[in-house]
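First comes the structure, then the notes that go with it.
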Amino acid sequence: MRKFIVIWFGQLISTTGSYMTEFALILWAWNLTSSTTALALVGFFSQLSRIPVTLFAGVVVDRYNRKRLMLLGDTVAALSTIAIGILYLTNSLQIWHIYLVTSINGGFSQIQQLAYQTSVSLIVSSAQYTRANSMNSAVHYGSSIVAPAFAGFLYPLIQLPGILLLDLITFSVATATILFTRIPQPESATSLESIASQLTFGFRHIWRQPQLKVLLLTSALFWFAHDLGGAVYEPMILARTNGNAQVLASTATAAGVGGVIGAISLSALSGSKQSGSKQRFRGMLLGFMGAGLSKAIFGLGRSPQVWLPAQFCSSLNFPLISSSKQAILMEAVAPELQGKVFAADELLIRLVSAIAALMAGPLADLVLEPAMQSNPIFAQILAPAFGSQTGAGIAVLYVLCAIAMLLIGIAARTLMPKT
C-alpha cells in the first residue's frame with residue numbers, strides 16, 4: 001500500500017487546490033449571472049468533452065504508459081488554471097471562457113483519472129481493493145472539507161488570482177509524487193481487432209457478463225438522477241440565501257466531513273476481508289437508498305439547520321457506492337483489459353451526466369421556478385413543503401431527483417447477482 005498512499009497523498013493535495021478554484025469560480029459566475037442555467041452549463045461542458053475522449057481513453061490507457069498519461073492530465077490542468085488567471089488579470093474573463101477551459105481540461109482529466117483508476121489494481125492486492133477505493137473517495141470528500149473553508153476565507157483577501165496560484169502549487173505536489181513513484185505497467189495485450197472493435201470492446205465485455213450489465217445500467221440510472229439534482233444544488237443554496245457564500249461553503253464542508261467519515265469507516269471495516277460481489281452490490285444499493293433519502297430531506301430544507309446534517313448523512317453513503325462498484329469491476333476484469341472496460345462504464349455515466357446537466361438549468365429557470373411563482377394550482381400543492389420564494393422551484397427538481405435515487409436503489413435489489 002505504500003506506493004498507493006504516496007500517490008494518493010499527492011492527489012489529495014491537488015484536488016484540494018482544484019476545489020478551491022472551483023469554489024471561487026462558482027462565486028464569480030453567480031455574481032456575474034445569477035443564473036441556474038449558467039452554472040449548470042459549466043458541468044455540461046465539462047462532461048461534453050469527456051464523452052468523445054472516454055470513447056478512446058480505454059484503448060489509450062491500455063496501450064500507453066499510464067504514468068505519463070497521469071502527468072499529461074496534471075500538466076493540462078495546470079495550463080488551464082494559468083489561462084484563467086491571465087484572462088482575469090487582463091479583465092477579459094467571461095463566462096464562455098470558463099466553459100471553454102472547463103471543456104478542454106475535462107477531456108484530459110478523464111484520461112488522467114482513468115489511468116489512475118486502472119493503476120490501483122497493479123499497486124495493491126485484491127484484498128485491499130475496497131480499502132484503496134474508499135481512500136480514493138476520501139480524496140474528494142477530504143478536499144471538500146478544506147477547500148471551501150480556505151477559499152471562503154482567502155477569496156476576499158487574495159481574490160481569484162491568489163486562489164489560482166495556490167492551485168498551481170498543489171499541482172506541483174501531485175506531479176512530484178507521480179514522478180518519483182514507480183507505477184507498474186501491465187503488458188499490452190496485442191490485438192488484431194480493428195479500431196472500431198477495440199473501441200466497443202468494453203461494452204461487449206460488460207454485456208457478456210450479466211452481473212456487470214446490471215451494474216452498468218443501474219449505475220447509469222442512479223447517476224442521471226443524481227447529476228440532474230446536483231446541477232442545481234449550488235444555485236438552490238445561493239438562491240435561498242441571497243448568494244451567501246459562507247452557507248454554501250458550510251454545506252460543502254458538511255458533505256466533506258460525511259464523506260471522509262464514510263470512507264474511513266469503510267476502510268476500517270473492510271480491512272483485509274474479502275467480500276463477494278453480492279455483498280458489494282448490496283452495499284452499493286444501500287448507498288443509493290441512503291443518499292436518496294438524505295437528499296430528499298436536504299431539498300425540503302430551507303436553512304442550514306436542515307441542510308448541514310442532511311448533507312452530512314448523504315455524503316456518508318458515497319464512499320460505499322463508489323468503492324463497491326470499483327471493487328466489483330476490478331475483481332471481474334483483468335488488469336490489461338481494465339482501461340477499455342472502465343472507459344465503457346465511464347462513457348455511459350458521462351453521457352447521462354451531460355444530458356442531466358443540459359436539462360437541469362432550463363427545467364429550473366424556465367419551468368419550475370416560474371411555476372412556483374405564478375401558477376396558482378402548482379404553487380398551492382407544493383408551496384406548503386417548498387415555499388414560494390426564489391429557489392422553491394429548484395428545490396422541487398432537487399427533491400424529485402432524490403426520490404428517484406431512492407427508488408432506483410429499492411428496485412435494483414431484485415436484480416442482485418446470485419453470488
Side-chain angles (χ1 to χ4, degrees), residues 11 13-57 69-116 140 143-144 147-148 150-151 154-155 158-175 227 230-231 233-235 245 248 252 346 350-351 353-354 356-358 360-361:
Q11 295 301 305
I13 298 300
S14 177
T15 303
T16 299
S18 297
Y19 283 10
M20 288 176 64
T21 295
E22 181 180 318
F23 188 84
L25 288 174
I26 286 170
L27 297 180
W28 178 86
W30 181 260
N31 290 332
L32 180 70
T33 66
S34 297
S35 168
T36 302
T37 300
L39 294 191
L41 283 175
V42 175
F44 167 73
F45 281 106
S46 176
Q47 300 295 346
L48 185 65
S49 64
R50 291 172 184 260
I51 292 171
V53 169
T54 304
L55 184 62
F56 295 91
L69 293 174
M70 292 166 66
L71 291 172
L72 174 64
D74 282 339
T75 300
V76 173
L79 292 174
S80 299
T81 300
I82 293 171
I84 293 174
I86 292 173
L87 289 168
Y88 182 87
L89 291 173
T90 57
N91 295 317
S92 303
L93 186 62
Q94 299 180 37
I95 191 67
W96 71 266
H97 291 137
I98 303 299
Y99 299 155
L100 178 61
V101 171
T102 299
S103 182
I104 294 171
N105 189 34
F108 284 93
S109 176
Q110 183 62 33
I111 295 177
Q112 191 267 355
Q113 290 173 12
L114 188 61
Y116 174 68
H140 165 69
S143 301
S144 296
F150 279 3
L154 293 173
Y155 188 78
I158 60 178
Q159 297 297 309
L160 185 59
I163 300 293
L164 296 176
L165 178 60
L166 291 175
D167 192 7
L168 288 174
I169 294 172
T170 64
F171 276 129
S172 67
V173 174
T175 300
D227 290 351
Y233 153 75
E234 287 150 345
L248 181 62
E346 281 287 314
R350 297 299 177 187
L351 183 60
S353 294
L358 190 61

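- Side-chain contact check for Asp167 versus Ser18: some heavy-atom pair is nearer than 4.5 Å.
- Annotation: the span from Asp74 atom CG to Thr175 atom OG1 amounts to 4.5 Å, rounded to 0.5 Å.
- Summarising the local packing, CZ of Phe108 is surrounded by 12 or fewer heavy atoms from other residues, nucleotides or ligands at distances under 6.0 Å.
- The OG1 atom of Thr37 lies 9.5 Å from the CG atom of Leu358; values are rounded to the nearest 0.5 Å.
- When all heavy atoms of Thr81 and Leu164 are compared, the closest pair comes out as CG2-O, 3.6 Å.
- With hydrogens and angles disregarded, a donor-acceptor distance shorter than 3.5 Å links the side chain of Ser92 to the backbone of Thr90.
- When the side-chain contact (heavy atoms from CB on, under 4.5 Å) test is applied to Ala357, the partners found at least two apart in sequence or on another chain are Phe44.
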Could you walk me through whether Thr16 and Thr170 pass side-chain contact (heavy atoms from CB on, under 4.5 Å), step by step?
CA-CA 8 Å; Thr16 299; Thr170 64; 5.6 Å; no
Stepwise side-chain contact (heavy atoms from CB on, under 4.5 Å) check, Ile95 with Leu41
CA-CA 10 Å; Ile95 191 67; Leu41 283 175; over 6 Å; no
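- Within the model, atoms CD of Glu234 and CG of Leu39 stand 7.0 Å from one another, a figure rounded to the nearest 0.5 Å.
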When you look at Leu25 and Thr102, which way does the side-chain contact (heavy atoms from CB on, under 4.5 Å) test go after all the steps?
CA-CA 11 Å; Leu25 288 174; Thr102 299; over 6 Å; no
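- A heavy-atom distance below 4.5 Å is found between the side chains of Met20 and Leu154.
- You'll find the side chain of Val42 reaches within 4.5 Å of the side chain of Ile98, heavy atoms only.
- The line from CD of Gln94 to OG1 of Thr33 is 13.0 Å long, rounded to the nearest 0.5 Å.
- In this structure, Ser103 contributes its side chain and Tyr99 its backbone to no donor-acceptor pair below 3.5 Å.
- Pairing each heavy atom of Ser14 with each of Phe171, the nearest pair is OG-CD2, 3.4 Å.
- Between Leu160 atom CG and Leu165 atom CG the span is 11.5 Å, to the nearest 0.5 Å.
- Contact of the Ile104 side chain with the Leu79 side chain is not registered, since no non-hydrogen atoms from C-beta on lie closer than 4.5 Å.
- For Tyr88, there are no ring-ring contact (aromatic ring centres under 6.0 Å, His included) partners two or more places apart in sequence or in a different chain.
- The CG atom of Leu72 sits 11.5 Å away from atom CE of Met70, with the distance rounded to the nearest 0.5 Å.
- Side-chain contact between Ile158 and Leu166: present, with at least one pair of heavy atoms (C-beta onward) separated by less than 4.5 Å.
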